[in-house]
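Shown next, in structure tokens, is the structure this report addresses.
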Amino acid sequence: GAVVSQHPSRVICKSGTSVKIECRSLDFQATTMFWYRQFPKKSLMLMATSNEGSKATYEQGVEKDKFLINHASLTLSTLTVTSAHPEDSSFYICSAKSMREDTDTQYFGPGTRLTVL
Amino acid sequence: QQPVQSPQAVILREGEDAVINCSSSKALYSVHWYRQKHGEAPVFLMILLKGGEQKGHEKISASFNEKKQQSSLYLTASQLSYSGTYFCGTDGGGTSYGKLTFGQGTILTVHP
């Protein structure tokens, strides 16, 4: 149990285009999902917290107009990188907290590697 | 505030033990441990919530000190599959409850 999927796993796009990344909890419902960004050989940096039915909360320094987050249901959150530029190239990982557990465990998706040319 | 992990890297032979430490400058709500292999997502190992807590998962165990500022991950009789980067994620609680701040990672390499 507690499987989180992400789609796509890899995406290459041209500068100026927008890219949507989906994060799904496959066998549990998640009121809260998180989006992280990871640069090569670096740690995970929390970008935003996504709550079902409400606006996402962004960490300091993260542009909310550039990284659009939508948490449409208890099993789906999407991250859209708008007008992507080469500096947005990174590994984007989502995580989800299960509603049915009484712990705060976050389960991570397999990640999406974005390359902006 | 980012927790400090030590050491930055560890090289072991199969069967050897390792300890990875995670320190915070202030008391935490919880500590989460993950292992990440290259190009993959972090895999959850365990979570510690209580001061003085110790818990285990097969040959991997962890402790959380009484002040809830330090946690250690213990890897005993290491196997090749233990290789990867280990991260601690800390939850400071309060207004930041539920959000994890990750340490810089500890690269563990196990050789035959």
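Proteins come first, then strands; the chains are lettered A, B, ... in the order of their sequence lines, and each starts at number 1.
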Side chain, backbone, both or neither: which part of B:Q5 has an atom under 4.5 Å from a heavy atom of chain A? neither
Whatever's closer than 4.5 Å to a heavy atom in chain B on A:Q106 counts as both
Consider only side-chain heavy atoms of I, L, V, M, F, W and Y, link residues closer than 4.5 Å, and tell whether B:I20 and B:Y74 are in one cluster. no
Indicate the atoms forming the closest heavy-atom contact of B:A41 with A:P110, along with that distance. CB-CA, 3.5 Å
Treat each ILVMFWY residue as a node, draw an edge where side-chain heavy atoms are under 4.5 Å apart, and state whether B:M46 and B:L49 are in one component. no
Same cluster for A:M33 and A:Y36 if Ile/Leu/Val/Met/Phe/Trp/Tyr side chains link at under 4.5 Å? no
Hydrophobic cluster membership, with links at side-chain heavy-atom distances under 4.5 Å among I/L/V/M/F/W/Y: are B:F44 and B:Y29 in one? yes
Quick one: CZ on B:F87 to CD on A:Q38, what's the gap to the nearest 0.5 Å? 5.0 Å
What one should report as the nearest heavy-atom pair of A:F91 and B:Q36 is CE2-NE2, 4.1 Å
As a quick check of understanding, evaluate ring pair (Phe, Tyr, Trp, His ring centres under 6.0 Å) for A:F108 and B:Y34, giving each step before the final call. CA-CA 10 Å; A:F108 282 82; B:Y34 290 85; 5.0 Å; yes
Nearest-0.5 Å distance that lies between atom OG in A:S95 and atom NE2 in B:H32: 10.0 Å
Under a 4.5 Å heavy-atom cutoff, which of A:P40, A:S9, A:S43 has the most pairs with chain B? A:S43
For atom CD of B:Q1, is the number of surrounding heavy atoms from other residues, nucleotides or ligands below 6.0 Å larger than 12? no
Rounded to the nearest 0.5 angstrom, the OG1-CG distance for B:T85 and A:L44 is 10.5 Å
Near A:H85 NE2, under 6.0 Å, is it more than 12 heavy atoms from other residues, nucleotides or ligands? yes
Just wondering, more than 12 heavy atoms not from B:K55 lying within 6.0 Å of its NZ? yes
For B:L100, is it the side chain, the backbone, both or neither that has a heavy atom under 4.5 Å from a heavy atom of chain A? both
Would you name the heavy atoms of B:Y97 and A:K97 that are closest together and state the gap between them? OH-NZ, 4.2 Å
Rounded at 0.5 Å granularity, tell me how far CD in B:Q104 sits from NZ in A:K42. 10.0 Å
Over 12 non-hydrogen atoms of neighbours within 6.0 angstrom of NZ in B:K37: yes
